[in-house]
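Presented below is the structure to which this report refers.
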2 protein chains.
Amino acid sequence: MDQVKQKTGYHHGDLRQQLVAATRALVEEKGPDLFSVSEACRAAGVSTAAPYRHFADRTEMLIAVALEGFGEMTASFETALAGHEPGSNDAITAVGTAYVDYAEANPGLFRMMFAGDHQSDALEEAGHGCYAVVLGQVARRMGRAEVDDAVMQAAFPLWTFVHGLAFLRIDGKAEFAKMQTEVRDLVGFATQRLMVRPG
Amino acid sequence: MDQVKQKTGYHHGDLRQQLVAATRALVEEKGPDLFSVSEACRAAGVSTAAPYRHFADRTEMLIAVALEGFGEMTASFETALAGHEPGSNDAITAVGTAYVDYAEANPGLFRMMFAGDHQSDALEEAGHGCYAVVLGQVARRMGRAEVDDAVMQAAFPLWTFVHGLAFLRIDGKAEFAKMQTEVRDLVGFATQRLMVRPG
DNA sequence: ACGGCTATGTTAGAGCGTCTAACTAAGTTA
DNA sequence: TAACTTAGTTAGACGCTCTAACATAGCCGT
C-alpha cells in the first residue's frame, strides 16, 4: 500500500479513482471489514477529510469498489463467451467458470460484492446486468427470444451452484474436502445435470 | 436490545453467556461488521471493559457466537434426519434443507460463520463436525464404512449447491430471480442430479 | 470469624477511526 | 480580473477497542 501517484499540487486531479484503487487494495489485503478510510487516505497521500468530497461516507467507498467489481465480472463473462456457440453447454460452462475464477482472483472484493450490507440501487443494477449475461445464454439455449420466467427457473440452480462453489473455494473448503477436480469440470458437470427445469 | 437480566450486584454471575447472547442479537440485527463491543456491553448492562475478562478481543466474541451457530446447525441436522432412512436421498435432502433453513433463520450469523476472517481452530473443528453429519449420510448411501475420498468427492457438489442456495436466499436473490420453488424441492432436485461422482 | 487469594467487576485514559465545520487554494467563468 | 465553484486543508467532536490500575465479592484454610 504505497502511494500510486504523487499529487501535483494542492489539487489532486484524480483523487476519486485513486481512493477507489487504494480501497480495493485494502479490501483485498485485509478484508472488507478491516478496511479503514484513514488507511486509504495515507495510501493516496491526502488528509483523512479529503474522501468526503467524493463519497458520502465509508460505505460509499466500498460500494464504488464493488461496482467496479461487477463491471469487471460482466466483462470477464463476455470474454469467456468468445469462441463458444451461443447458448451451448460450453458457453454456459465458460460463464460459470469465469464466475468462480473471478471470485478466486478477487476473494475480498467478491465477498464484499455479495455482503448484504452496503446496499445501493446502483449496486443492485450492476449485479443484475452481470446476471443478465448468464440469463441471455440460458434463454438462447432454451430457444427463447427473451428472458421469461422459465429461463429464470432454469438458470437459477446453476447460479446457485457456481455461487456456492465460489464461496467454498475462497474459504478453502474445497481444499479441506480434498476436491482436486478442476473448476471447469465441476461447473461443466453441474451445467449438464442442473440445466433443466426443476421438478 | 434491552437488558436480558439485571445483575445482582457487583458480580454478574453469567456475563460471558449474556455477552454472547447480546453479540448474537446485534450481529443478526446490524450485521457482523457493524457489531460493536460497546453496544453489547450496554445491552448486558456492564462497563465496556468487562468483556475483556472473558474474551481476548472483539473477534473472540464473534467466534464464540459462530461456535454456538455451528453447534445449533449440527443439532438441526440431527433433528432433520429423524424419521428418514439413513443414507437415503430423503435423508440427504433433509440435511441440505436444514442447512438452508438455518441460514435463512439466522442470516447474519450464517454469514459470519463463513466470513473467512475470524479464523480459529475451534471454529474450524466445529465446521468439520457439522459437515461430518452430511458426509456420514453420503458414505452410508454409497455403502462405505467410513468417509474416504470417494465420499468427499460425491458430497462436495451437494454442499456447493446448498451453500450457494443459502447465500442467494439470504441475499434476496432467489426473490429477484422469481424462484418460487420450495427450498426442499430445489435441494431434492440437486440431490438427485448431483449425488454421483463427477467426471 | 478472618485474612489472603482469585475472579470479575469498575473507572480512566491512550490511541485510532469516522465524519463535520471552517478555512484555503486552485480552476472556471462572466 | 472579480466572483463563484471545486477540492483540498486543519481542528476537533465523538465513538470505538483495548489496557492499566483499582475495587469488590466469593472462596478457602485456619
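We name chains A, B, ... by the order of the sequence lines, and we start the count at 1 in each one.
Listed by first and then second residue, the salt bridge (charged side-chain N to carboxylate O under 4.0 Å, His left out) pairs that reach into residues 145-159 of chain A are A:R144-A:D148, sequence neighbours excluded.
A:L62 places its CG atom 10 Å from the P atom of C:dT18, with the value rounded to the nearest Å. Atom P of nucleotide C:dT18 and atom CG of A:L34 are separated by 11 Å, given to the nearest angstrom. Between A:E60 atom CD and C:dT18 atom C1' there is a gap of 14 Å when expressed in whole angstrom units. Nucleotide D:dT6 holds its P atom 15 Å from the CZ atom of A:R16, rounded to whole Å. The CG atom of A:L19 sits 12 Å away from the C1' atom of D:dA7 (whole-angstrom rounding).
Checking the phosphate oxygens (OP1, OP2) of C:dG9, a side-chain nitrogen or oxygen of B:H54 falls inside 4.0 Å. For A:S47 and D:dT9, the shortest distance from a side-chain N or O to OP1 or OP2 is below 4.0 Å.
Here the options are B:D185, B:T191, B:V162, the test is side-chain contact (heavy atoms from CB on, under 4.5 Å), and the partner is B:T93; only B:T191 passes.
Side-chain atoms of A:S38 and A:T48 form no donor-acceptor pair, as typed in the model, at a separation below 3.5 Å.
The six-membered or imidazole ring of B:F167 lies near that of A:F167, with a centre-to-centre distance under 6.0 Å. Ring centers of A:F114 and A:F70: under 6.0 Å apart, within the cut-off.
In terms of the salt bridge (Lys or Arg N to Asp or Glu O under 4.0 Å) criterion, residue partners of B:R169 (sequence neighbours excluded) are, by chain and number, B:E104.
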Would you tabulate the pairs of protein nitrogen or oxygen atoms and nucleotide nitrogen or oxygen atoms of nucleotides 17-20 of chain D closer than 3.5 angstrom?
residue : atom : partner : partner atom : Å
D:dT17  : OP1  : B:V37   : N            : 2.8
D:dT17  : OP2  : B:V37   : N            : 3.2
D:dT17  : OP2  : B:S38   : N            : 2.9
D:dT17  : OP2  : B:S38   : OG           : 2.7
D:dC18  : OP2  : B:Y52   : OH           : 3.1
D:dC18  : OP2  : B:R58   : N            : 2.7

